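Residue numbering restarts at 1 for every chain, and letters A, B, ... go by the order of the sequence lines. Keep in mind it's a predicted model, so treat the numbers as computed, not measured.
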Amino acid sequence: MTNGEIKQHIVTVRPNGVFDETGEWLQVQVDISEWKTFAQWLRNDALQMDFLFCLTGIDWSATATGKTLLTMVYHFTSTVFRHTLVVKVKLDRNNPEIETVSDIWRTAEFHEREVFDLFGVKFLHHPDLRRLVLTDDFEGYPLRKDFEDPINMIKL
Amino acid sequence: MNASQIIFYLISAFVLGTAVLAVTTRKIFRSAIWLLFSLVGVAGLYFWMQVEFVAAVQIIVYVGGVVVLIIFSIFLTHHSGSELPKTPLKQTIFSMLAVLLGFAFSYNLIAKHGFPTTSDKPFVVPVSAIGEQMLDTKQHGFVLPFEVVSMLLLAAMIGCIVIAMRSMPKGKTIQKQASPINGNGKTQDLPVPTKTMEEETT
Amino acid sequence: MAFLKQYISEIYQAVSSLLKGMKTTGSYFVRPKEIITQQYPDNRADMKIPERFRGEVVMTHDENNEHACTGCTACELACPNATIKIVTKFDTTPEGKKKKALDTFVYHLELCTMCNLCVEACPTSAIKMAQTFEHSVYDRSQLLKKLNKPGSKLRAGVE
Amino acid sequence: MNSIPLTHILFVSTALFFIGMYGLFTRRNLITMLMSIELILNSVNINFVAFNKYMYPDKLNGVFFSLFIITVAAAEAAVAIAIIINLYRSHRSIDVEDTTEMKY
Amino acid sequence: MGPIALLILTIAAILFSAGGILVSKFLVRGSVNAQKGQPYECGIPAEGSPWNQFNVGYYLFALLFLIFDVELIFVYPWAVVVKKVGWMALVEIAIFFFILFTGFLYAHKKGALKWM
Amino acid sequence: MFSLENITDSSQKWLYATFNSTIALVLQCVIVMLLVISLFAVLGLVLVLMERKVAARMQIRLGPNRVGPKGMLQTAADTLKLMMKEGLTPDGADKFLFNLAPFVVMIAGMLIMAPIAFAKGFQIWDINIGVLYVSAVSSVSVIGILMAGWASNNKYSLLGAMRSGAQIVSYELSAGFSIVSIVVLAGSLQMSDIIASQQTGWWLFRGHIPAIIAFVIFIIAVTAETNRAPFDLAEAESELTAGFHTEYSGMKFALFFLAEYINIFIVCAIGATLFLGGWMPLHVGHWKGFNHVMDYIPSSLWFLGKTFFLIFLIMWFRWTFPRLRVDQLLSLEWKYLLPISMFNLLLITLIAIMGWHF
Amino acid sequence: MYRETKILNVDSKVSPIGGDLEGAVGADEGELVINVGPQHPATHGVLHLVITLQGETIQKVEPHLGYIHRSIEKMCESLSYRQFIYVTSRMDYLSAHINNHGCALCVEKGLQLEIPPRAQVIRVLMDELTRIASHELWWGAMAMDLGAFTPFFYAFRERETINDIMEETCGARLTMNYMVPGGVMYDIHPNFQKRVKDFIQLFNNKIDEYDDLVTNNIIFQNRTKGVGILSAADAISYGCTGPVARGSGVTCDIRKLYPYEVYDKVAFDEIIETAGDSYARYLVRIKELRQSVRIIEQLIDNIPDGDFQAKTKAVLKLPRGEFYSRIETARGEFGVYIVSEGGTTPYRIKFRSPGFSNLSALDHMSRGSKIGDLMAIMGTLDLVIPDIDR
Amino acid sequence: METNLNKVIETASQGNSPFPGQTHDLPGGGILISSFNDIINWARSNSLWPLTFATSCCGIEMMSVASSKYDFSRFGFEVARATPRQADVIIIAGTIVNKMAPVLKRLYDQMADPKYVIAMGACAISGGPFFYNTYSVVKGADHVIPVDVYIPGCPPRPEALLHALITLQQKIKSGLTREQIRAEKPQS
Ligand code: SF4
Ligand code: SF4
Ligand code: SF4
């Protein structure tokens, strides 16, 4: 399916989605409250986005506008139709919480743990939300832009 | 005293000492090891008595088999590092007394009887003699016990299997997470062989 | 009978596959000329290291003990992990003008990742990668190096 | 070799027997009890062989008996251990006190 | 040399091993630190003792082994006299094996030879 | 040609002539003790070096060649180093058993030496139950391994020990059956008799195919019994780090290491004795001249040659095959080797009774 | 100069590894919790697996990561677009070239650079050589995991040849840093073509040897067949890519699906096996070796003339926006996701590493199998831990 | 600052020792008359069993050293032990991060004496490529455990590792401790 067709499909279920077609792939931004149902729809309905190949968190606090903004970016591909879609969800940086999708795409379990570890995003209903790569007693979320660690980090 | 006597007393002391340790130590694994040494000592005694065949059998069956089995069962049924409960002092004393009395009594009897060693004929046990007598179908042959032994072993084997298999834990079913919702049965859902290893190797 | 036949053929196949494997290793065992070992410390004299191999950064000096580094710090900027530190001084040129020149080219061999970016960045090709690799030392501080030789100066004509 | 009197060997075997008995009395654990029984059986074996050697050196019956006893002991040990493990699996204990209600 | 040989060999083994161990004990001084005596588990502190009750999947094999081992000790004296006794020996051992093999097949059928 | 038999005989005569019988006996004991100890040491050094060299050749590399001439002193350096290394005992271990285990393994290894005929008339004790004795004593070493594994208080060790326990006891059966096959042919358990019965040819060649099958099974079984790859589950490096001797260091580890190689030597020596005629030279039918030339080679060389050939075979296995899994290992024994060897024994009996062997 | 963590403190009973060790202390009867790694010969680095065993049967495998987490993503945020590429060769160091390639592609996507055809072909050649080298190492290491030592040495013999070729052209054996935005750093070495051709000739014979030694070996087959089965649906759900997914019958080769450089001009097959077990994954990789050889054979004589590097500015600046490039490494799909705010350094960079997703399927695949199977599964997953931890 | 730095560099780079010995004869010219210590050091230096410890990329070059082409078995190093109890030398091949540091320390602690450490690659020496701007990398393994020989490179060539091993052999043969060698070097 082309980007346009995908967009069409999405518009039918999420008329208020924000689209961005400048990139290589269609990007859609959904509201955090709709995210879980939207994810289920993506996986199971017409689009069949069964392959979640990248799950990223972005902290926008170093930019002019993004003081309180964190974004989750999900890259999906359908192994059936071979189309790709990028979904973005905006989170409140001070209290980032989002529904987990690890029950829909199993790979999300690890990815979400990683994002939790590095950004501090809480994934609600995640089966096993723990630090993944850092030690348990690590303080702070290192990939946030304002992370400071005077002991370990030697700034250039 | 000549060398042979010294060896006898050494072995005897070894057998009895390790046997005492085997029944008194409170670490069960060590107890098994002491038992093992005691049994090896008994085998040594057989060697000393020049019945090498029995000695070898003693080692093969006890050391290679029974003790290994006992050790395995210890692993299965114990926290093998922990100590066994202490026997109450009273019980220890009474058992000690009873055993000592019994020993004194029996040994008294034995010593009294004295068992005159009638012959000084050298005692040699060639394996071929054992074999011949074992396969002998005549009056002094042991062919019947020989075959009965196989029946006994068969019975033991079947018994073991029946008993052991009855309680074999069915292997706690290991939950694999179910396949994700709606595999959607699309092109990729190729049949995956579910043959297990056992089937493959049989 | 079918069972027995299968049993035997299974064994036959298993054994033959094992024998094949043994043939492979065995054939190497009897062919010592297949041995490819290079005896390192003994072959130092005739070891061929490709000329592009990146062993460490060195500064080329000619016979007059002159180098081509102007102290422009392009390499320092290009280096991803700040391996290079250029310390500059001000020379007075014959005309009496003050001119920035290289004082010390500090090179942390213990940090360098041999990525070649500094060499690519250098406008005067003052530095290059050397093919040496025997750097082992007992003390980490010995890996801190000064690349410009004592008393060296800028080659004339290099800007 | 024969300078050791038979009674000395019998002393050893008797002592072994009673050590086994002692273990049987004091231990309340099926596996250790089994070990004690093995000791007792061994003392019997020693007797058989010793008698055979000292009193009937031209016969082999004592040797045969000890062989058969070893066999039986091994079979017994195998079955006993199977039972013990079975018991453990159902009772979570192999203490004799806990297993008195065993009704097989 | 008879049984003395066994004694000598045992002593030799003990001397050999003890010698080596004692030499190293007396000549080598090791450093002391808190971690040295800890069990090694890939550099992670071990949790829980291995001496806890542990599931041995192999005990059935040990049981079977014991039975066959006992069988084997009767085969040895038999083997020595086969040539002397002749056909009778073959018949007797065949019966012997046959009976045991029944048990073996039974075990096989019951799945006792399968790893659990 | 000198023969070891003469040496032993004459030295014995000399001893008894010079001293009274007690002192002579003691001296004899001391000599034997020294001999076996040095044999142990030398075997350890040679076999480890051989293993490393063989491995190197198969893996197209050179192997140790820098320590001493052609790397000959490599294992000596290793041994010395191990001796000069701290011998740790973990805190949580059962110290007594932990330290006892290497002794048990070593004693078992040493005791099996007794009936091995190294050359014509060069044997410590020609015990009348020879091979039975061997299989009896070799089963002791499993206890040493179980002890070591348990006492270490280490999970890898325990797992390794249990594996090797199950493995060693299982494979003892088929090893036993293949030994019995030769006993049937030779009609005796005594080593010297078995060797003597191969005067006219080795059992491997004389016993038709069943003997070869027995030989193959024997080799497989002893490889497993000595915990060698592809059956080295007890110390499977990629699974259990170092298996049952994970916690051993220094000399105690060296003893395990040594015992492993000694055991290989012993089982190969047994194999050589049973199947390849021990120190018997190779004789072919009626080739008088050939046989004569063969006789000229000293018997000890024959023995060592055959043994080392088998050792090489076992090393060859190690450096070729992947490791089996535990359950496959056991099913190989119980589903293939044991039934085959039992059946094979019956075949051999038939051959023996009918006198079909050459 | 590092912060001591609790692990150093032996007395503390606090669980040292991330997470609750409840299972270890109050484990079910007969269960044994055992740590494999971080220092363990079979984990190929520093993966730490906490395995719950029942007897020898695996109940649960819990990977603990982070023993080589080098904060590459954070670090790259302060490196320029030229500089950050070299770091990525330290992630999946076995596909160092391909990682660099992926990054270069992403930067080029942002810059909308045209790559000269010569550079494209060289890149592909290097990629395929890297893939062969990587698979070689995997083959040797996998055989070693399963207890066969010799294949390791044979694999390294061929690998060393590739390394020599690489060294001659790129200047390093492992972390080449040969790709730069716009092309490659230097032109190929004059000997390159000849040596590659020699290698290919030699290599074709050696693959047969591999089959004799390992592929057809009965022990090996028994160890791997039916072990660690991953169904196609699971493979997709776990996000598996590369040979792992292809072993389960999922088409996922980026080179075919989203061709980059000259992959759409060369003929090669995507290897698909459907069994989904360790043996299938093994076969995929072994067959991929031949495909890589095929690609190289097609290209080696047809390297077009021209520049090896496009003209670029001294300082690269990516426009504002998000760029994602996907590339097929030896382990699967490697993705580079650059979020640019228009500066000289990336605002956020995310590497989608194939190993990370593949590892997450490990628990699923190994439940109910033996410890020995775990090694076979791990071996065929072909994990490179720094790639997972980043 | 600058002059200081200059001094540091000058003193540091003087100790460029000549290539360590090439052949490994018995101490005392092949005759075993040398002192006991020499023999022991000879044995120790010629039987360095490495611990299989590789954290990242440098580990691959370590594997290359084991491979047929470089073959460190020639020196008797090939007996790589997986357990620290039996190993003599840790070759720290790769980055050490904060989470790994305690593990490394523990492994080192658990090794039986005598034990040696080789820091292989920029990462193990100083953090190398990950020296700046990283929050998790230990800036040099010698913050965790004492290191005997440093071998820079990223990764060092296999020959370079061999060179490091030979350097370590030299050190063991000299019988000096780590501190002694550090103290002596500047004067030599
Ligand atoms: S090679 Fe790379 S790391 Fe080394 S100094 Fe040059 S730019 Fe820096
Ligand atoms: S080496 Fe080159 S780039 Fe570096 S300061 Fe000197 S002239 Fe500039
Ligand atoms: S020094 Fe370089 S090659 Fe070695 S581990 Fe560090 S980054 Fe990797």
Heavy-atom pairs under 4.5 Å with chain C, option from A164(H), G153(H), P152(H) with the top count: P152(H)

OG-CG distance between S136(C) and L162(H), expressed to the nearest 0.5 angstrom: 10.0 Å

Rounded distance [0.5 Å steps], CG in L111(C) versus CZ in F131(H): 5.5 Å

Chain C contact via P156(H) - which portion, at a heavy-atom distance below 4.5 Å: neither

Nearest heavy-atom neighbours spanning C112(C) and C154(H): O-CB, 4.0 Å

Q38(C) CD to Y70(H) OH distance, which is reported to the nearest 0.5 Å: 6.0 Å

Minimum heavy-atom distance T113(C)-P129(H), with the two atoms named: CG2-CG, 3.3 Å

Smallest separation among heavy atoms of Y150(H) and Y138(C), with atom names: CE1-O, 3.7 Å

Spatial distance of atom CG (L109(C)) from atom CD1 (I125(H)) [nearest 0.5 Å]: 7.0 Å

Backbone N/O of E110(C) and side chain of S126(H): donor-acceptor pair under 3.5 Å: yes

Value rounded to 0.5 Å, distance of CZ in R157(H) from CD in E134(C): 10.5 Å

Taking every non-hydrogen atom, the tightest pair across A82(C) and Y132(H): CB-CE1, 3.3 Å

